[in-house]
Amino acid sequence: MARTQTYGDLITVLSKKISRTTEDDYAALICNMTIAEIWKRYDWREAIEVLPPFWLAPRTQDYGAPMSIVPTDFEGFRTAQLVRLTGSPVQITSIDTTKFLDKTSAQSFPQAICYNPELNCYRLWPMVPESWGTPEYFITGTYKTLPPRVTASTFQGTVLPFDDKYFYPIMETGLWKGYELNGSPAEEKAMLKALTSIDEMARDQGLNDGDGQITPSGPLAVTSGNFYLGLF
């Protein structure tokens, strides 16, 4: 794998077909729209990071400010695990990731976690039992990051976030976004070519990762009402 192509290289190619790309602000906008479009469509390996672990505290359901628990580039959970250190061997249990969880006074083994954007925190369901101590349990997992962004002063020398072999689908998506901004009649045709290229890119990466395909990201339709509270 190699990443040597820059956003500047992308704009150089696009400038031969799209007007105004020599304007730095406009060029940076096309760059950001291009990567954001590709980023949102699949769970690329470049978009998934390990969730920084955080300790659980008794009778606590929300974890966030004032502590720096949620990464600044956090977009959404992909996996989550509850880890118990005070055992031999260490116990690791997968828990559900979901879109919304209610506040509750019930205490039991955590079964699900969500991100609460209003409070910029994670919420577990149900509440951590009063009998649990710190440090005994922590949460880890994986999350999808927000798409990287460039500015008018940084795009020229910033390396694209994907392998060089994917420059073609990035270019096709850049053409689509450039035509879209210009109101060009070529936009629809460019969109179809770009989407096809992104799908081919996803299939290639999925096969190389050992998967049949990469599943498009999307929230699970789960709420706290779906779970059964066992006794603890």
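Remember, predicted model here, so these are calculated numbers, not experimental data. These values consider heavy atoms only, across backbone and side chains, with no hydrogens, waters or symmetry-generated copies. Just so you know, residue 1 is the first one in the sequence shown, and it goes up from there.
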Closest approach of [X] to [Y] (non-hydrogen atoms, all atoms of both residues):
X	Y	result
R45	Q205	N-OE1, 2.8 Å
T12	S15	O-OG, 2.7 Å
G178	I18	CA-CD1, 3.6 Å
I113	A80	CG2-CB, 3.7 Å
P110	I95	O-CG2, 3.5 Å
A36	P147	CA-CB, 4.1 Å

Let me confirm one number: the [atom1]-[atom2] distance from [X] to [Y], rounded to the nearest 0.5 Å.
X	Y	atom1	atom2	result
N32	W39	CG	CH2	12.0 Å
T173	I30	OG1	CD1	12.5 Å
L192	S197	CG	OG	10.5 Å
K103	M127	NZ	CE	6.0 Å
L51	T140	CG	OG1	5.5 Å
Y179	E188	OH	CD	14.0 Å

Test log, rule side-chain contact (heavy atoms from CB on, under 4.5 Å), inputs L10 and M171
CA-CA 6 Å; L10 173 64; M171 180 196 68; 4.3 Å; yes
Between [X] (side chain only) and [Y] (backbone N and O only), is there a donor and an acceptor less than 3.5 Å apart?
X	Y	value
D164	T4	yes
T145	A47	yes
T60	P58	yes
D163	A2	yes
R123	L101	yes
Q81	T93	no
W44	I38	yes
Y63	W55	no
D102	T104	no

Does [X] share a hydrophobic cluster with [Y], counting links as ILVMFWY side-chain heavy atoms below 4.5 Å and allowing steps through other members?
X	Y	value
V128	V83	no
F155	V159	no
V70	M67	yes
V50	L56	no
F109	F138	no

Side chains of [X] and [Y] in contact at under 4.5 Å (non-hydrogen atoms):
X	Y	result
P135	L85	no
Q156	Y7	no
D25	E23	no
I92	L82	no
E180	E37	no

Please determine whether side-chain contact (heavy atoms from CB on, under 4.5 Å) holds for the pair M33 and L181, giving the CA-CA distance in whole Å, both sets of side-chain angles, and the decisive distance to 0.1 Å.
CA-CA 10 Å; M33 290 176 65; L181 287 171; 3.8 Å; yes
Of F162, F167, Y166, which is the lone residue that meets side chain to side chain contact (heavy atoms under 4.5 Å, CB included) with Q5?
F167
Return yes if a side-chain donor-acceptor contact under 3.5 Å exists between [X] and [Y], otherwise no.
X	Y	answer
T86	E136	yes
T79	T142	yes
D199	T196	no

Would you please test T6 and D9 for side-chain hydrogen bond (donor to acceptor under 3.5 Å, both in side chains) and show each step?
CA-CA 5 Å; T6 67; D9 295 328; 3.3 Å; yes
Stepwise side-chain contact (heavy atoms from CB on, under 4.5 Å) check, Y143 with E75:
CA-CA 7 Å; Y143 71 100; E75 183 167 34; over 6 Å; no
Ring pair (Phe, Tyr, Trp, His ring centres under 6.0 Å) contacts touching residues 77-96 (sequence neighbours left out):
F74-F77, F77-Y122
Before giving the answer on side-chain contact (heavy atoms from CB on, under 4.5 Å), spell out for I198 and Y42 the whole-Å C-alpha distance, their side-chain angles and the decisive distance to 0.1 Å.
CA-CA 9 Å; I198 294 171; Y42 292 93; 4.0 Å; yes
